[in-house]
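Below is one structure, written out as structure tokens; comments come after it.
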Amino acid sequence: MASGEQDRVEILQGTLDLIVLRALDTMGPQHAYGLAARLAQIADHPLPLNQGTLYAALIRLEQKGWIRGTWQTTESNREAKYYSLTRPGARALAQQAERWRRLATFVNKLLLGT
Amino acid sequence: MSSLRRLLLRLYHVFRRGPAEEQLAREMAAHLALIEEDYRRRGLNAEEARAAARRAFGGVDQAKEIQRDARSFRWLDDARRDVGYAARTLSRTPGFTALAVLTLGLGIGAVSVIYSVVRNVLLEPFPYPNSRRMVDVLVKDANGGLVRGALPPAEFLDFKEQSTVFEDAVGALGQEMHYSSEAGNEVVSVVLLTPNSFTFLGVEPLLGRYFGAADSAPAAPPVAVLSHRTWVRLFGADPTVVGHTVVLNRQPRAIIGVMPPRFEWHVADFWLPGPISRAMPDSASAPAGRWFQARLKPGVTVQEAEAQLNVIAARRTGQFPGDYPENSHVQVITVIDWVVGQFRRALYTLFAAVVLLLLIACCNVASMLLARATSREREISVRAALGASRGRIVRQFLVESMLLAAGGLAVACVLASAGVDALARFLPRRGVPWETELRIDRTVLLFAFATAAAATLFFGVFPALQAARRELVAGANTGGRAGTASRRQTRMRAGLVVVEVAFCVVLLLAAGLLVRNFLALVGAHIGFDERNVLLAGVSFPPEFRNGAGRNLFFSRCLERLQSTPGVMFAAVARGQPPEIPFTSKIEITGDALDASASSVVQLCSEQYFQVLQLGARAGRTFSPAEVAGRRKVAVVNDAFVRRYLAGGNPLGRSIRLAALATLPRDPVADPTFEIVGVVHDVANQGLGQPARPHVYVPFTVTAPPLMFLLRTAGSPAASTGAVRSAIGEVDPQVAFAGAITMEERMHRYYAQPRFSVIVLAMFAGTGLLLVAIGIYGVMAYSVSQQTREIAIRMALGGSRSTVLRMVFGSGMALLAAGTIAGLAASIAVGRLLAAQLTNVSPHDPVTVAAVVAVVAAIGVLSCWVPARRAMAVEPVAALRQE
């Protein structure tokens with residue numbers, strides 16, 4: 001358990017928002033569970049994330065107007081709230097991604113340089 | 001943009017939680033169902049799938065909390081809940097809440113009213129920018145007496161040009177002028193201003209424009225600027241008045257502008273350009289001097305400016321030795337100090353008093369809250385047991401206090417606006433700038449708000465901390481019965497009452513002293529019956545220079561007035577009681593008097609003695625023939641005989657009045673007079689001041705400026721018309737310059753002390769009421785707490801009188817402690833008041849005794865009801881209740 005904790009990637013403050021935006025961008029409209037499953041799928045490490053934690057990011061993004069949630073039915077005929085990227089959300093994603101790339105490049109350089 | 005949107009949504013969700021919560025629950029349930037479905041598809045049975053889903057999701061409530069935090073502002077949400085809870089709690093005890101809110105409203109409202117007076121009279125009375133840096137320059141003698149306020153042109157310009165301490169300086173000269181219109185001649189107050197004055201004062205005109213350098217050039221067409229008062233009075237606020245012509249001293253002038261209401265520079269009706277130059281003559285007949293007002297450069301102190309002007313004055317002394325009597329000096333005083341003078345002290349005293357009143361109110365509310373905290377002990381213990389932290393409980397109490405203060409603030413605003421209107425009506429004119437407008441502005445509201453906040457801290461923190469400090473478990477245990485106050489809490493409440501009583505004693509003493517002082521002032525006999533006396537002034541046109549002609553005019557008017565029905569006696573005189581400013585050095589033939597011997601001199605006509613009801617005590621008063629014949633006869637008062645003639649026979653003695661020989665106009669060649677009579681004293685140095693030696697001589701020996709004095713059979717004001725028409729009939733060129741009854745004049749004399757007395761007495765009365773409520777509250781509460789003890793005492797054979805003694809004893813002990821503390825504090829207060837007390841000692845024993853008696857009486861009254869209740873305790877019933 002202790003070593004498992006160490007293997008986990010700490011999600012940096014604010015990166016969860018970027019991850020959600022990006023996932024919605026590539027996958028199209030998704031409900032919270034779909035997003036969580038997708039994140040678990042692409043992560044090499046187990047995400048340090050209870051699925052419930054997503055809700056903070058979702059409400060933040062919704063309040064900013066970057067995503068919009070609508071109630072729809074799943075293939076299994078259940079109701080779920082589907083989130084989709086809005087136009088300002090797409091713009092924000094591009095900006096955030098660019099910022100993230102710059103930061104990552106800088107940190108990488110710093111780490112490799114020493 | 002997106003951040004703003006989020007902020008607004010979060011705020012919105014503080015107040016609209018319902019729908020979002022519902023959505024959230026629905027969404028999470030759907031989420032769990034989806035996970036569960038997934039797991040079942042992978043082959044888990046229903047039970048296992050549900051457990052796995054929960055594990056994957058994490059805590060549902062935790063997730064909800066996380067979302068709530070992100071959705072809205074938690075602290076704000078909590079605050080909202082606290083406010084709602086507090087409001088419900090307070091509304092369950094409407095009596096308590098109303099009393100607390102009213103008490104606070106009274107305190108905060110009274111403080112705000114007086115603050116608004118202090119602010120509008122002392123701090124920001126003028127509409128002129130940087131008015132705090134505006135100063136007056138005066139020349140004073142060694143004793144602080146005024147040598148001159150209006151400086152001759154050369155001195156004015158030397159001060160202005162040779163000094164470096166002023167941003168700019170302006171000169172003004174007040175004059176009476178004759179305003180001629182279809183309605184006849186009228187005297188108006190005109191002020192000549194140097195051309196830079198309006199830019200110096202920085203107030204834009206209401207209509208038209210003001211004048212500048214171009215209008216002051218010698219060849220410029222004559223112009224005038226109207227004051228708002230005059231615009232309303234003479235022109236009925238006619239919006240097209242600009243461009244009209246007015247005739248002032250027979251010279252037509254174009255009106256070029258009207259100033260707004262609060263522009264009252266030198267309180268003029270008209271402002272005219274009055275440039276100043278060294279070429280102007282400096283003679284008594286055409287006074288060219290100017291009052292010197294300047295704005296100090298930022299950072300320059302009054303002392304620095306004064307020092308610099310005195311250096312300039314010292315340099316000028318060599319050139320103009322006559323201008324500077326020995327030991328004279330230049331004084332620089334801020335305009336506000338010059339106008340407000342002594343009244344400042346009175347206002348600050350009132351402010352101190354009202355702060356005391358607020359403190360009393362706060363003590364009261366704090367003590368009420370403490371009592372309430374005791375009876376709410378059980379509720380608090382339960383909340384604590386359910387996990388509320390101490391901080392949370394303290395916060396809850398503070399929120400309740402804040403709500404009370406907010407209610408108090410609302411009441412205060414209503415009271416303050418009514419109070420300011422009421423005060424404005426009897427605010428004295430003297431000592432208050434004409435520019436002053438009493439009003440509640442934003443600053444006053446802010447002040448009220450800050451006061452409410454400070455009051456919340458004061459009265460709210462004690463009970464809150466007290467409540468949180470309690471042993472919670474013990475509280476929960478004993479709370480089952482009617483909770484009893486801890487000893488600490490009882491002590492705290494008792495302490496509050498002691499403090500309250502002390503404050504009230506200080507207030508009462510101050511009010512008592514001022515009332516006594518005022519009564520002494522009003523009761524001081526002026527020396528005659530001031531009812532049915534009318535004073536009226538006249539103004540001669542500038543060409544009316546001949547002194548003999550003026551005297552003839554007065555004699556003719558008096559003839560007419562004396563035969564007017566309703567007028568019993570008519571006279572003219574140079575000054576009127578209670579203050580006659582004209583004095584002279586005197587010599588008495590055959591007596592070696594001190595060189596400084598002097599006397600008040602009154603120039604008057606023969607009926608002056610009848611108007612003032614001065615019967616001759618010895619000898620006689622003047623005959624009409626003596627006045628008409630310019631005979632050098634004199635009447636003296638008792639004080640004169642006592643002081644200078646050692647009580648000897650004054651009749652037939654000769655006195656010389658040196659000042660009459662040096663009058664600027666119509667000096668008396670040989671001012672030696674024969675004493676023909678003695679009259680009793682009338683006030684001549686102000687009310688309540690002992691009369692000085694006083695000599696009456698016929699006005700015809702010179703030609704002084706005079707006023708009419710009439711004693712009438714009926715209402716004196718009704719004779720105003722008679723004076724006006726007598727003047728018009730004798731000479732239509734001479735203008736009537738207003739009339740006032742003697743009673744009204746005395747009334748104005750009292751206006752300042754009356755203002756202080758009324759306001760302070762109101763505060764003291766309110767304070768007394770609050771203290772009564774406070775003592776009653778504490779005693780009633782302690783009796784209800786002691787019901788069991790009383791019942792046991794009675795059951796064991798204690799008599800009702802023991803019980804009575806017990807209740808009264810503890811109440812009176814508090815009272816005595818408070819009174820002693822208050823009397824001690826009053827010694828310091830006496831020092832503050834001493835300057836305002838002219839007729840009473842600040843430690844007047846009568847006042848002290850009266851205050852102690854009043855406080856004791858109030859104490860007995862407020863203990864009475866609780867004591868009755870204690871005596872009525874039925875031992876059996878009370879014990880059975882337990």
Side-chain angles (χ1 to χ4, degrees), chain A residues 11 13-14 16-17 20-21 30-41 43 46-83 85-96, chain B residues 1-17 19-42 46 49-74 76-77:
Chain A
I11 290 202
Q13 192 85 40
L16 189 57
D17 291 13
V20 169
L21 286 176
Q30 277 297 327
H31 45 66
Y33 172 56
L35 278 170
R38 167 73 178 164
L39 295 189
Q41 208 177 33
L47 272 177
L49 187 68
N50 285 323
Q51 298 191 10
T53 321
L54 268 181
Y55 284 92
L58 288 175
I59 189 80
R60 250 194 320 265
L61 292 172
E62 198 179 9
Q63 284 186 340
K64 283 183 176 173
W66 290 352
I67 61 174
R68 187 187 305 119
T70 44
W71 288 93
Q72 292 173 23
T73 40
T74 64
E75 310 94 80
S76 54
N77 214 13
R78 288 182 177 281
E79 66 160 4
K81 198 172 177 186
Y82 277 74
Y83 293 94
L85 208 59
T86 62
R87 209 180 294 244
R91 265 201 305 277
L93 170 62
Q95 279 168 12
Q96 301 279 330
Chain B
M1 191 54 200
S2 54
S3 311
L4 177 69
R5 185 188 140 102
R6 173 146 195 258
L7 176 76
L8 293 177
L9 279 168
R10 286 178 88 178
L11 281 175
Y12 170 78
H13 281 297
V14 170
F15 299 99
R16 292 281 302 166
R17 279 180 308 153
E21 281 288 309
E22 216 172 278
Q23 284 248 337
L24 181 63
R26 201 167 134 209
E27 190 176 355
M28 284 187 178
H31 189 148
L32 280 171
L34 285 169
I35 309 180
E36 224 176 295
E37 198 180 282
D38 230 11
Y39 278 120
R40 264 217 302 278
R41 257 204 306 270
R42 288 185 213 166
R50 182 169 307 146
R54 296 245 168 217
R55 256 198 314 280
F57 189 86
V60 172
D61 285 321
Q62 220 175 327
K64 281 186 179 169
E65 270 310 294
I66 291 172
Q67 208 250 21
R68 273 181 209 129
D69 261 355
R71 184 177 64 211
S72 134
F73 294 104
R74 177 86 76 87
L76 201 58
D77 198 37

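Residue numbers start from 1 in every chain, and the chains themselves are labelled A, B, ... in the order their sequence lines are given, proteins ahead of strands.
When the heavy atoms of residues 85-93 of chain A are compared with those of chain B, none of the residues falls under 4.5 Å.
Here the CD-NZ distance, from B:Gln23 to A:Lys81, works out to 4.5 Å after rounding to the nearest 0.5 Å. Atom CD of residue A:Glu79 and atom CD of residue B:Glu27 lie 10.0 Å apart, to the nearest 0.5 angstrom.
The ring pair (Phe, Tyr, Trp, His ring centres under 6.0 Å) test applied to A:His31 returns A:Tyr82, not counting sequence neighbours. The side-chain contact (heavy atoms from CB on, under 4.5 Å) search around A:Gln30 returns A:Leu24, A:Met27, A:Leu35, not counting sequence neighbours. Every residue meeting the side-chain contact (heavy atoms from CB on, under 4.5 Å) condition with B:Ala52, not counting sequence neighbours, appears here in chain and number order: B:Tyr39, B:Leu44, B:Arg55.
The choice from B:Leu7, B:Asp38, B:Leu24, B:Leu8 that makes the most heavy-atom pairs within less than 4.5 Å of chain A is B:Asp38. Interface summary for chain A: among B:Arg26, B:His13, B:Met28, B:Glu37, the most heavy-atom pairs under 4.5 angstrom belong to B:Arg26.
Heavy atoms from other residues, nucleotides or ligands lying under 6.0 Å from CZ of B:Arg40 number more than 12.
For B:Leu32, no part lies under 4.5 angstrom from a heavy atom of chain A.
The minimum heavy-atom distance linking B:Ala30 with A:Ala80 is given by the pair CB-CA, 4.3 Å. Across all their heavy atoms, A:Lys64 and B:Arg5 have their closest contact at C-NE, 3.5 Å. Nearest heavy atoms, A:Arg78 versus B:Leu34: CD-CD2, 4.2 Å.
Proximity of A:Tyr55 to B:Lys64: side-chain heavy atoms (C-beta onward) are nowhere separated by under 4.5 Å.
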